[in-house]
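The next block holds one structure in the form of C-alpha cells; read it before the comments.
Computed from a predicted model, the values in this text were never measured in an experiment. Every number for a ligand or one of its atoms is a count from 1 in the order of the listing.
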Amino acid sequence: MIHNPHLPSQAHGDHGRVKNYVDGEFIDSESPRQQEITNPATRTTLGYVPLSTSSEVEQAISAAQDAFEEWRETPPNLRVQPLFRLKTLLEEHYDEIARILVQEHGKVIDEARGSVRRTIDNIEFACGIPSLLMGDTLEDGAAFGIDEEVIRQPMGVFAAVAPFNFPAMVPFWFWPTAVACGNTFLVKPSEQVPLTQERLFQLIDDAGFPPGVVNMVNGDKEAVDAILSDPRIQGVSFVGSSVVARYIYHNAARRGKRVQCQGAAKNFLTIMPDANLDAAIPNLISSFFGNSGQRCLAGSVLVAVGGVADELVERFVDAASRLKLGYGLDESVHMGPLAAERHYDRVLRMIGKGVAEGARLLLDGRHPQVPGYQDGFFVGPTVFDHVTPDMSLAQEEIFGPVASVIRVADLDQAIDLANFSRYGNASSIYTASGKAAREYKYRVQAGNIGINLGVAAPMAYFPFGGFKDSFYGDLHGQGKDGVNFFTERKVVITRWL
Ligand code: NAD
C-alpha cells in the first residue's frame with residue numbers, strides 16, 4: 001500500500017489499486033494492465049488504476065441495462081431524492097474532495113474548491129428535473145376534439161468519457177441529468193486522475209441509488225471502444241482532445257447512438273484601447289494562468305487592439321511574473337504544476353517552437369525554481385509578444401501557462417483573427433463600449449463569449465459546448481440541451497369519442 005498522509009485510505013483499493021463501481025459494489029478489476037497515478041508536484045506514487053477489459057465494461061453495461069426497467073418506472077420526484085442526498089454529502093466532504101483533487105491533478109486548492117462547487121451546481125440542476133421534464137400540450141392541436149402533447153421518456157444506458165483536467169466536475173455535467181431523466185449510466189474517468197472519482201463514487205454509494213443506476217469503470221481506449229461498440233449504449237458524452245472527440249463522434253454516430261463530443265480549444269481574448277486595465281489585468285492573469293492553463297476556457301492568445309498594446313503587455317508581464325508556484329495544498333500558492341509528464345513535455349516543446357518560429361519571449365517559465373518541489377512538472381507563466389497568425393503559438397492548443405500576444409489595428413482585425421482559428425470554444429472582449437461588445441458577441445464564432453471576463457464558463461443551467469473543431473454533435477452538455485440529449489420526445493395525439 002502506498003502511504004500518503006493526505007489521501008483517505010479508502011481512496012485506494014486494498015493494494016493501492018482503484019476499484020470499479022458496478023451494480024452498487026466496489027470491485028477489483030481483473031485486468032493485468034494498470035497505470036501508475038502520480039502526484040505531479042511531488043512525483044510520489046499515489047496508487048494504480050486498472051485499465052479494465054472490454055468484458056468488464058460489458059458487465060457494467062449489463063448492470064445498468066438491468067437497472068433501467070425499474071428506474072424508468074420510478075417517478076421523477078423519487079428519482080431525485082438520492083441526488084438531494086448526494087448534494088448534502090458533497091457539501092459535507094467539500095474540502096476533502098478538493099484536497100484529493102489537488103494531489104492527483106496539481107491544481108491549487110482554491111481552484112479545486114471552485115471545481116467541486118461546479119460539480120455540486122450540476123447536481124442541483126438535476127434535482128429540478130420534475131419541472132424540466134414537463135411536456136407541451138396543445139388543446140385542439142390537430143382538429144376540434146383532438147389534443148396533442150409531447151412527453152419525454154428516458155432511453156436506457158448512457159456513458160460519459162472524461163478528460164484529465166477537471167477530475168471531479170466533468171462526469172457531473174452529464175450523469176446527474178441523465179439519471180434524473182430516468183436513464184442509467186456508466187462513467188469512464190480519465191485514467192490519469194481516477195482517485196477523485198473513486199471518492200465521489202463512495203459518496204454516490206452512500207446517497208442510496210439503486211444498484212446499477214450509476215456505474216464506473218476505469219480504463220483507457222479498450223474500455224472506450226467497448227462502450228462505443230455495445231448496442232445497449234444509447235448515447236455517449238465525451239470531453240477531451242479533438243482527435244479523440246472526432247474518433248468517438250464517428251464511431252458512436254455510425255452505430256446510431258446519440259453523441260456529444262466537447263473537444264480542444266484555442267481561446268482569443270481581445271483587449272480594446274478603452275478597456276479598464278486595472279480590472280482586466282488580474283482577470284486576464286487568472287484566465288491564462290489559472291489551473292496552469294489546463295482549462296478548455298483558458299485564454300491562449302491575447303489580442304491587443306491599437307494603442308493599448310505596450311501598456312497592456314508591460315502590466316500583464318509584470319503581474320504574471322509575480323505569481324507564486326508551488327504545491328497546491330499550500331493556500332498561498334497561485335499556480336501548481338502541469339498534471340503529468342506528457343503535458344509538461346508538450347508545453348516545453350511548444351515554447352521551444354515559439355522561440356524557433358521567431359516570437360519574442362518576454363517571460364520564460366521553463367525550469368522555474370520551486371523550493372521543495374524541484375522534481376514536479378512545473379512551468380511558470382510564459383509570455384510571447386509579436387506572435388503572428390501563421391505561428392504554431394497562434395494555431396495549436398498548448399494547454400499550459402503560455403500567453404501569446406498578437407497586435408492588431410482594430411476590432412475587425414481582432415474578430416477576423418479569432419474566427420481564423422479552427423477552434424471555437426470561447427472568446428472574450430474587454431471594452432467599455434457596448435457597441436464593440438455587441439459586434440464581438442454576434443460575429444465571433446465561439447460557443448462561449450466573455451465580455452469583460454476571461455473564463456466564459458456557463459453555469460449548470462446553460463448549455464456548454466463550442467463551435468468548429470471544439471465540438472462535434474448538436475445538443476450541448478448541461479441545461480435544457482442535456483435534458484433533450486437524455487430523453488426521447490414522443491408526440492401523443494388523442495381523440496376521445
Ligand atoms: P484525451 O482526448 O487524451 O482523453 C480524454 C478521454 O479519452 C480519456 O478518458 C481517455 O481515456 C480517452 N481516450 C484517449 N485516447 C483515446 C483513444 N485513442 N480512443 C478512445 N478513447 C481515448 O484528453 P485529455 O488529455 O484527457 O484532456 C485534455 C483535452 O480536453 C484538451 O484538448 C482540452 O481542451 C479538452 N477539454 C475540453 C473541454 C470542453 O468543454 N471543450 C473541457 C475539458 C477539456
Side-chain angles (χ1 to χ4, degrees), residues 33 35 40 49-52 54 57 104-105 107 115 118 122 159-174 186-194 196-197 216-229 236-252 259-267 291-300 338-347 350 396-400 421-427 446-448 455-458 460 462-473 476-478 481-482:
R33 294 193 306 131
Q35 187 172 302
V49 60
L51 303 175
S52 303
S54 47
V57 172
E104 71 170 346
H105 178 276
K107 285 176 200 291
S115 74
R118 291 272 173 163
N122 280 275
V161 177
F164 79 88
N165 64 329
F166 282 96
M169 176 179 72
V170 170
F172 285 72
W173 288 348
F174 309 109
L186 173 58
V187 173
K188 206 296 283 172
S190 164
E191 63 274 38
Q192 202 182 299
V193 286
T196 311
Q197 278 302 316
M216 172 185 65
V217 173
N218 290 286
D220 60 358
K221 180 173 167 50
E222 179 175 343
V224 175
D225 284 341
I227 289 170
L228 295 175
S229 61
V236 181
S237 303
F238 170 84
V239 181
S241 62
S242 290
V243 175
V244 181
R246 254 195 312 274
Y247 171 81
I248 289 185
Y249 180 68
H250 286 301
N251 284 290
V259 55
Q260 46 183 194
C261 290
Q262 299 182 210
K266 185 83 192 168
N267 303 322
N291 213 16
S292 300
Q294 299 163 111
R295 228 175 355 208
C296 67
L297 296 172
S300 181
L338 293 164
E341 191 163 16
R342 72 184 169 100
H343 308 306
Y344 173 81
D345 289 344
R346 198 196 55 244
V347 171
M350 286 300 296
E396 292 175 32
E397 181 179 56
I398 301 173
F399 226 53
S421 173
R422 57 181 279 228
Y423 298 111
N425 210 39
S427 189
N448 306 283
V455 181
F462 289 92
F464 183 20
F467 286 10
K468 302 195 274 185
D469 277 345
S470 293
F471 183 80
Y472 305 108
H476 289 179
Q478 294 197 156
D481 267 26

For the pair H250 and Y472, evaluate ring pair (Phe, Tyr, Trp, His ring centres under 6.0 Å) and give the outcome as yes or no after the intermediate values. CA-CA 9 Å; H250 286 301; Y472 305 108; 7.6 Å; no
Got the closest protein heavy atom to atom 19 (N) of ligand 1, with its distance?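 The protein heavy atom lying closest is K221 CG, 3.4 Å.
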What is the closest protein heavy atom to atom 39 (C) of ligand 1, and at what distance does it sit?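 Sorting protein heavy atoms by distance from atom 39 (C) of ligand 1 puts C296 SG, 3.2 Å first.
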Backbone or side-chain N or O of [X] under 3.5 Å from ligand 1 N or O:
X    : result
D220 : no
K188 : yes
G263 : yes

Taking only heavy atoms of [X] into account, list the atoms of ligand 1 that are under 4.0 Å away from them.
X    : result
F464 : 40 (O)
V224 : 20 (C), 21 (N)
Q262 : 39 (C), 40 (O), 41 (N)
E397 : 31 (C), 32 (O), 33 (C), 34 (O)
G240 : 2 (O), 23 (O), 29 (C), 30 (O), 32 (O), 35 (C), 36 (N), 37 (C)
R342 : 25 (O)

Can a cation-pi geometry be assigned to K266 and F399, taking NZ or CZ under 6.0 Å from the six-membered ring centre and within 45° of the ring axis?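 No cation-pi geometry.
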Are any non-hydrogen protein atoms located under 4.0 Å from atom 4 (O) of ligand 1?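 No; the ligand atom in question lacks any protein heavy-atom contact below 4.0 Å.
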Under a 4.0 Å N-O cut-off, is there an ion pair linking D220 with K188?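 The answer is no: the pair does not qualify as a salt bridge.
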Would E222 count as a contact of ligand 1 if the rule is a heavy atom under 4.0 Å away?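 No, E222 has no heavy atoms under 4.0 Å from ligand 1.
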With under 30° as parallel and over 60° as perpendicular, where do the rings of F164 and H105 fit, or are they tilted in between?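 Parallel, since the angle between the ring planes stays under 30°.
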